[in-house]
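Here the structure comes first, spelled out in structure tokens, and everything after it is commentary.
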Amino acid sequence: MSFRLKAAIAAAFALSAAAAVTASDMSIAGESIATTTSLPQTFPQTSPTGAQSAVIFAAPREITQPLASADKADPEFSTDSDAQATSLAALVDAQGAPEELDGDMHCLAGAVYFESKGESLEGQLAVARVIINRAKSGRFADSLCGVVYQPSQFSFVRGHSMPAVRADSRSWREAVAIAQIAMNDSWVSRAEGALFFHARRVSPGWGKAKLAMIDNHIFYR
């Protein structure tokens, strides 16, 4: 084989090796470009030849533990304090009976209990509103107990006291609930503004403005 032929063959092998290295370098650059798209931060590392090449770190896989979903709220109950009752009876049922009533609330509930026990909730509310209106009017005592125990106003009062109530009865629970509703002004009474009432069986001839007749009572301003 001639010297020229050997040189040509050697040159061909050299060109082939160079092409393979170039192709390999292009492939690595392509992967680096694709990885850099998802994770742009690179860290330089010096190659054995002294040139810097990009070292790409794969993005870490995020492993999360799914949380159990919270139980859905019971649609029959609501935590919305501004929710409106559809009836006075529903509002009464929604009232929580307090373990102890303070002086004025006990006087108000007691008056409702003894004056309108067994009557409709509307009638009981009207009685409660009369007592509250009197305390605010400046024409009577300025406390609920003062109004209830004012002489010659309520027939159930005897010697500045009222009889014992049946605290476990439905009538007392209703009276307490009505007292709470009246104090909170949570329901409009048919006898709003009333300061007086009497039983239907009597005719005192007061000459006052009549507001409403509810159950066994007539209410006046």
Side-chain angles (χ1 to χ4, degrees), residues 82-221:
D82 295 330
Q84 298 297 315
T86 57
S87 67
L88 181 54
L91 194 56
V92 166
D93 289 340
Q95 301 302 307
E99 295 181 2
E100 270 187 51
L101 296 179
D102 63 20
D104 271 349
M105 282 297 294
H106 190 276
C107 289
L108 180 59
V112 172
Y113 179 81
F114 288 110
E115 284 291 331
S116 54
K117 178 174 57 177
E119 296 188 5
S120 70
L121 297 176
E122 289 282 357
Q124 295 181 54
L125 180 61
V127 168
R129 292 305 305 170
V130 165
I131 295 168
I132 293 172
N133 291 341
R134 284 188 173 193
K136 292 179 178 179
S137 70
R139 299 166 59 183
F140 298 85
D142 58 2
S143 70
L144 300 180
C145 285
V147 168
V148 170
Y149 290 123
Q150 192 166 343
S152 304
Q153 296 301 309
F154 295 97
S155 60
F156 66 86
V157 174
R158 293 287 187 273
H160 202 70
S161 65
M162 66 176 68
V165 300
R166 286 187 53 195
D168 60 345
S169 66
R170 178 179 177 82
S171 295
W172 176 244
R173 183 189 181 283
E174 285 183 350
V176 171
I178 287 294
Q180 291 173 328
I181 292 167
M183 282 294 292
N184 295 332
D185 204 15
S186 304
W187 194 266
V188 177
S189 169
R190 288 165 53 193
E192 284 297 321
L195 289 171
F196 308 92
F197 67 88
H198 64 74
R200 288 198 187 200
R201 65 178 181 272
V202 299
S203 300
W206 285 343
K208 302 180 184 301
K210 185 184 298 184
L211 292 179
M213 292 188 295
I214 307 173
D215 301 329
N216 296 321
H217 292 105
I218 304 175
F219 295 86
Y220 300 82
R221 180 177 290 115

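- Contact of the S186 side chain with the L91 side chain is registered, since non-hydrogen atoms from C-beta on lie closer than 4.5 Å.
- Counted by atom type alone, Q153 and R134 present one or more donor-acceptor pairs between their side chains at under 3.5 Å.
- Between E115 and S155 the shortest side-chain heavy-atom distance falls below 4.5 Å.
- In this structure the side chain of R173 reaches within 4.5 angstrom of the side chain of V92, judged on heavy atoms.
- The number of heavy atoms from other shown groups lying within 6.0 Å of NZ (K208) is above 12.
- Classified by interplanar angle (parallel below 30°, tilted 30° to 60°, perpendicular above 60°), the ring pair W172/Y113 is perpendicular.
- Between Y220 and W206, the two ring planes are perpendicular [angle over 60°; tilted spans 30° to 60°].
- One distance of note links CZ of R129 with CG of D185; it measures 5.0 Å at 0.5 Å rounding.
- At a threshold of 4.5 Å between non-hydrogen side-chain atoms, the residues F219 and E192 do not count as touching.
- H217 and F197 have perpendicular rings, their planes meeting at more than 60° on a 0 to 90° scale where under 30° would count as parallel.
- Atom NE2 of residue H160 and atom OH of residue Y149 lie 6.5 Å apart, to the nearest 0.5 angstrom.
- In this structure, the side chains of L121 and I181 stay at 4.5 Å or more apart for every pair of heavy atoms.
- Counting only heavy atoms from C-beta outward, the side chains of M183 and L144 approach each other to under 4.5 Å.
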